[in-house]
Amino acid sequence: MNEFRLLFRKDLFLLINNIKLILKNPLRLIPYAVLVGYFTFIYSQRTKSRDLGSELEGVNVGEVADVDFAIQNLVGGATILALAFLVFQLYRATKNNVSFFKMADVNLLFTAPVKPENLLLYYMARSILPALGGSILFMIYGASQLADQFQLTFANAVFLILGFALFFFMIFPIRFLIYTLHTKYGVMEYIRVGTVGLGIALGLMVLIPGFMAEKFWQGMFSWIASPWFDLFPIVGWSRGILGYITHENLILAVCFIGLYGVTYFAVVKLVIQFAGYYYEDVLEATKTNEDKLEKARGTQEITEDTYSLNAKKQLALPDFGLGAKAFYWRNYVHSSRQDFHPLFGVYSMGLAGLGIVFAGLSNFDWFSHKVLYFYLLFMLGFYFLAGIGRANIGDLKKPWFILVPASWSAKFWNMIKLDLVQTLLFATVLIVPSVFLAHASLGLIPLFLVGMVVSYLTGFAINLIPQIALEESWDRFLIKPIMIGGIFLFGIIPALILSILVFAFSDQFVWGLFAGVLMMSFVAAILIHVTLDVLKRLEFKEM
């Protein structure tokens, strides 16, 4: 008990010191004050809407049926997202360990005369605090948005916070246990097969009732959203706790909390039994987390391995070949470790799946087609920013880029060849099903494919040209904003204006996209020509 008391005192002193820092600079509290003011305003407006709606209530039977389908699919959709997150975390547990520590804790406590079991137990239990903090913020936001539907009482607030907090808190001890069992007994393949099987089973629980129903969207979540699914571990338990705001069954909600308690006790006992001296595994995960935090703060340069999902993957590839082809294969290897597949991975699958969902729901009159169109425009902008970021990392930062015996154009195109293939593959998977599901114009397919490539190349060239063409740092600091501003003023902005005007006159999104992509293609062609021209100046320059 003395060790736990000392650890608690250490954290108490850290809390006091942080409070003193805030008191020395109260301006840090301004963003939080603005956030609280925003939530308060939204909550008051929603409450007024609820009071007005209670005076005008009175609906017919048909309307009630529609609301039931909407609630069923809303609950089912949220449950599917939580299940996908859980399955993904279970799969990641076989690849990477989790850490409850920071580098300061490692340097201070791992060398201290403290039992490793007590240290792990204390920090594992303390990890619920961030989960509670995030749940409180999410509860405040959700309460402000749903104040016209539910009355926020103290009991409702408590169970909302616990429902979210216990879900996110419980995942990390389970991941720690899985990785511990894997390193000790080599059970990675069994867990991987079980995780894939679980994902397939959950997918069938959506497809089977959907095909059995008269309309797919009416039955797809009938099993997932049913009350019996509250017994499903972790996800169902949290849903049962959150459901207190509707059923107000205190005993049922407390029983789900008790299931969490029993599970946590069992996981802790297993971790203490099998973890042993876990310092070596935790050190690597702690260092990785610290590097990501420093990169997010901007105190450390972002490298190619940032956000890698499969950094330890071993590859057996044939001979890369000679000359500029080596750049393509180098990027292929890096992409294989960045995601679970070099051409189409988890990130791409998630973004494409989200667009397909928007398209399907727009066909069922849940959303307007404008939601799908906005998402397509968002992806064009996203890949434009991806191109800008690509110029800051990769082969251009490596000294061997200049030394490879090949033409500058060959090196340039092989450097971005894999990016273009990934972009086209992602755009195809996203736009083709979306167009057919939403019954949109077939012209969107080629336009979106060209637009994605053009957006990426434009962003890449905008950032690359000033870096190469401007030799002095002061020139980059002073002239680079003018160059980029000129490209926007005389190239990108006119293309956007033309696209908006064509859309306004034709009232057809496909014609507006056609005008924008056509003009942006000319802009991208000019920028790529300039890029190839100035790329020869890269030699002996510091990027």
Side-chain angles (χ1 to χ4, degrees), residues 68-94 98 128 131 134-135 138-139 142 156 158-178 181 187 190-213 216-268 270 350 353 357:
D68 288 340
F69 278 119
I71 293 177
Q72 169 188 291
N73 291 344
L74 180 64
V75 173
T79 304
I80 283 292
L81 292 177
L83 288 170
F85 180 78
L86 176 63
V87 171
F88 178 67
Q89 292 295 331
L90 293 178
Y91 187 85
R92 287 191 65 189
T94 61
V98 297
I128 196 173
S135 299
F138 188 82
M139 186 274 298
N156 288 343
V158 169
F159 284 109
L160 283 175
I161 293 173
L162 289 177
F164 285 107
L166 291 175
F167 172 73
F168 291 104
F169 162 70
M170 198 66 226
I171 288 176
F172 293 99
I174 292 177
R175 280 189 58 186
F176 192 93
L177 175 61
I178 290 175
L181 294 175
V187 295
Y190 299 102
I191 297 175
R192 183 178 299 172
V193 171
T195 303
V196 173
L198 177 62
I200 295 174
L202 294 173
L204 293 176
M205 293 182 69
V206 175
L207 294 176
I208 292 176
F211 289 127
M212 292 174 60
F216 183 82
W217 67 272
Q218 292 181 348
M220 58 182 179
F221 291 136
S222 59
W223 290 0
I224 296 294
S226 60
W228 67 265
F229 199 79
D230 290 348
L231 298 176
F232 189 90
I234 312 298
V235 176
W237 301 344
S238 286
R239 200 179 72 176
I241 298 171
L242 296 173
Y244 177 82
I245 62 176
T246 58
H247 58 67
E248 295 185 350
N249 190 330
L250 181 62
I251 297 178
L252 184 62
V254 171
C255 287
F256 285 125
I257 295 176
L259 288 175
Y260 264 115
V262 172
T263 304
Y264 177 71
F265 177 78
V267 169
V268 167
L270 292 174
V357 168

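Quick caveat, the model's predicted, so the values are computed rather than measured. Numbers for residues simply follow the sequence, beginning at 1.
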S.K.: State yes or no: are the ring centers of F221 and F229 separated by less than 6.0 Å?
M.R.: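 Distance test on ring centres: not under 6.0 Å, no.
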S.K.: Closest approach of W237 and L231, non-hydrogen atoms and distance?
M.R.: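 Heavy-atom minimum between the residues: NE1-O, 3.4 Å.
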S.K.: CZ/F85 to CG/L90 distance, rounded to the nearest 0.5 angstrom?
M.R.: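 Output value for this atom pair is 10.0 Å.
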S.K.: Do L166 and I128 come close enough that some side-chain heavy atom pair is under 4.5 Å?
M.R.: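 Yes, side chains in contact.
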S.K.: Could you give the distance from CZ (F256) to CG (L242), rounded to the nearest 0.5 Å?
M.R.: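 It comes to 11.0 Å.
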S.K.: Tell me, which pairs form a salt bridge (charged side-chain N to carboxylate O under 4.0 Å, His left out) where one or both residues lie in residues 232-259, sequence neighbours left out?
M.R.: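 The answer is D230-R239.
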S.K.: Between Y260 and F169, is the ring centroid distance below 6.0 Å?
M.R.: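 Aromatic pair excluded; centres sit 6.0 Å or further apart.
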S.K.: What's the spacing between Y244 OH and L250 CG if we round to 0.5 Å?
M.R.: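 So the gap between those two atoms works out to 5.5 Å.
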S.K.: Determine the minimum heavy-atom distance between G163 and S238, stating which atoms define it.
M.R.: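 So the two residues come closest at O-OG, 2.9 Å.
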S.K.: Please indicate whether Y190 has more than 12 foreign heavy atoms, meaning atoms of other residues, nucleotides or ligands, lying under 6.0 Å from its OH.
M.R.: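 Counting neighbours around OH of Y190, 12 or fewer heavy atoms of other residues, nucleotides or ligands fall under 6.0 Å, so no.
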S.K.: How far does CD1 of I245 sit from CG of L160, to the nearest 0.5 angstrom?
M.R.: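 Answer for the CD1-CG pair, I245 versus L160, is 5.0 Å.
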S.K.: Measuring from Q89:CD to I178:CD1, what's the distance to the nearest 0.5 Å?
M.R.: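 Going from CD on Q89 over to CD1 on I178, the span is 10.0 Å.
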S.K.: Considering residues at least two apart in sequence or located in another chain, which fulfil the side-chain contact (heavy atoms from CB on, under 4.5 Å) criterion with L207?
M.R.: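 If we apply the side-chain contact (heavy atoms from CB on, under 4.5 Å) test to L207, skipping adjacent residues, the hits are F211, F216.
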S.K.: If you take all heavy atoms of T246 and G243, which pair is closest and at what distance?
M.R.: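 Minimum heavy-atom contact is OG1-O, 2.7 Å.
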S.K.: If I take atom CD1 from residue I234 and atom CD1 from residue I174, how far apart are they, to the nearest 0.5 angstrom?
M.R.: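 Going from the CD1 atom of I234 to the CD1 atom of I174 covers 4.0 Å.
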S.K.: Pairs of donor and acceptor atoms involving the side chains of residues 193-201, under 3.5 Å and at least two apart or interchain, shall be tabulated with distances.
M.R.:
| unit_1 | atom_1 | unit_2 | atom_2 | d |
| --- | --- | --- | --- | --- |
| T195 | OG1 | I191 | O | 2.7 |

S.K.: Considering all heavy atoms of both residues, which atom of L252 and which atom of N249 are nearest to each other, and what is their separation?
M.R.: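 Looking at all heavy atoms of both residues, the shortest contact is N-OD1, 3.2 Å.
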S.K.: Which pair of non-hydrogen atoms, one from S135 and one from A165, has the smallest distance, and what is that distance?
M.R.: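 Of all heavy-atom pairs spanning S135 and A165, the closest is OG-N, 2.9 Å.
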S.K.: Just so I know, are the side chains of V268 and F176 near enough to count as touching, which here means a heavy-atom distance under 4.5 Å?
M.R.: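 No, too far: nothing below the 4.5 Å cut-off.
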